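In what follows, a single structure is set out as structure tokens and then discussed.
Index from 1, following the sequence. Counting convention: from 1, in listed order, for ligands and their atoms alike. Below, each value reflects all heavy atoms present in this structure, side chains not excepted, and no hydrogens, waters or symmetry copies. Computed from a predicted structure; not experimentally measured.
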Amino acid sequence: MADKIKKILKKMRIWRSLKARLFVIIFLTGTIPGIFVRAGILENYESRAVEVRTSDVQTQLRIIANHLITYNYLQDTSSEVIGAELEQLSNLYSGRVLVINGNLKVVKDTYGISEGKTIVSQEVIRCMKGTNTVNYDSVNGFIEITLPIVETVSAQMATADLPEGTELVRGVMLTSVSTDSIVATMEILNRKALIVEIIMFFCIFVIALVLAQILIRPFDRISKAISEVKEGYTNDPVSVPDYLETEHIVDAFNSLLERMKVLDDSRKEFVANVSHELKTPITSVKVLADSLLAQQDVPAELYREFMVDIAAEIEREDKIINDLLALVKMDKSAAVLNISVININELTEIILKRLRPIARKNNIEVTLISKREIIAEVDEVKMSLILTNLVENAIKYNREQGKVDVTLDADHQFFTVEVADTGIGIPEESLHQIYERFYRVDKSHSREIGGTGLGLAITKSAVLLHRGSIKVESVEGEGTVFTVKIPLTRVLV
Ligand code: ADP
């Protein structure tokens, strides 16, 4: 049942609103105590009124019982005084009084129906033994009271068996009094309480509506502020410090906004850099071509010379585009890893063989130091990119007759590739920037030697895709050491 109600409530859209919930909670907390208080007060009134009525009647009965003994009414019912007293009592409380003697015979009935009859009810018999009884019948609306008619043994009557002061039960007075007046008062009370309650319900309804609206306002302000940011009207941080909760939401949103701004800035910067980098070779080609076109009867050698330059610029453009494509591919996701079991020593040897001719041009000696054989689960193409970029840089940024040492080592979990050169080194303040796209310590020098500024960005992405790490140590003018550490087996996330 409870589950069913929960399901229905879940489906009801309105119940999912915090405002509706607040309204219901405030309304119920305001009204439920009122209902209980009304029921409590009415019940209390009823028992108190019955108590008072009973005690009044008992007092009257006690007085009359004394008179009954004095007038010896149980033997002789002719006393008009007693008759009048009994009539008055029954009229006063709209009830009936029966006087019963010691033989359980009714000697007087104010209704005049049961006189001469014998009554053997439980209450009467218990009362004969000296116990008062009171029964309240709320359904039929009367109280039944029994009271013993007691005679106290006087000095003249006293015998050895009955000493003076002994109380003898001579008969019983059985009375039933109506509680109609109590019920009528209760009805009036109930009606008045109900009117007050309805007014209260209405007031609480309005208060709950207003309170729920006020309490929810900070959340409305948050969504308004967020939609302003979404629409692009502002980029300022949102501030709604009314509640701790709103502050937390807003803080989380602001840090998200901050992160998006950083991403957006870096995207803009990247696009600007790409455009600039791609434009430079094109501009050079245009300048070269224009200058050829502007001249007449250009000698064939000059043509050739210019064409060589144009081809070099086109090659550079091609290199930038290739690097960009490699970077974009790397950015996509880890799913692009094409893992196979590779002998890293052999792979490094192949790459060094390819790069040695370039090194030789500057009389740079490239050495491979294999400390142990490494078999690892890696993406061969990406691993080649990592090795090629690092060794190529070590050659490019080296000095005449410099050295490049590539050291391969491994433990039971990782293998390391260390590329150390004796080159120009990297200034300390640039060390943390070298992995940024298009960052170059010395732009013109890098461009001269064919750098795009993307090599290390590609390398770092490839290392991270393999769940590895890359670090650099460098001393300006002395050389640089790059160390790449990659798990031997593929780490599944
Ligand atoms: P580039 O294509 O210009 O070489 P990279 O991303 O490979 O771009 O390198 C970024 C910059 O880091 C380079 O421009 C260079 O200034 C510096 N750098 C990288 N490797 C070395 C190295 N081995 N020695 C000195 N400087 C280096």
For ligand 1, which atoms, with element, lie under 4.0 Å from some heavy atom of R440? 3 (O), 14 (O)

D290: what forms a side-chain hydrogen bond (donor to acceptor under 3.5 Å, both in side chains) with it, not counting sequence neighbours? K286

Ligand 1 to I434, heavy atom cutoff 4.0 Å, flagged ligand atoms 10 (C), 12 (O)

Within reach of ligand 1, part of L456 (heavy-atom separation under 4.0 Å): both

Between D220 and K224, is there a side-chain N and carboxylate O pair less than 4.0 Å apart? no

Going by distance only, is there an N or O of I426 that falls short of 3.5 Å from an N or O of ligand 1? no

Checking contacts here: is it the side chain or the backbone of F482 that comes within 4.0 Å of ligand 1, counting heavy atoms only? Could be both or neither. side chain

Applying a 4.0 Å heavy-atom criterion (strictly less than), which segment of D421 is in contact with ligand 1: side chain, backbone, both, or neither? side chain

Which residue from F438, Y439, Y435, Y397 reaches closest to atom 25 (C) of ligand 1 through any of its heavy atoms? Y397

Output yes when a side-chain donor or acceptor of T480 lies under 3.5 Å from a complementary backbone atom of D421, and no otherwise. no

Would you say the side-chain atoms of N398 pair up with the backbone N or O of K403, donor to acceptor, closer than 3.5 Å? yes

Can G453 be said to touch ligand 1, with heavy atoms closer than 4.0 Å? yes

Please determine whether the number of non-hydrogen atoms from other residues, nucleotides or ligands lying under 6.0 Å from atom CZ of R126 exceeds 12. no

Nearest heavy-atom approach of M383 to I344 is CG-CD1, 4.2 Å

Hey, does K396 come in under 3.5 Å of ligand 1, counting only N/O atoms on both sides? yes

Based purely on interatomic distance, does V441 place a nitrogen or oxygen under 3.5 Å from a nitrogen or oxygen of ligand 1? yes

CZ/R21: more than 12 non-hydrogen atoms of other groups inside 6.0 Å: yes

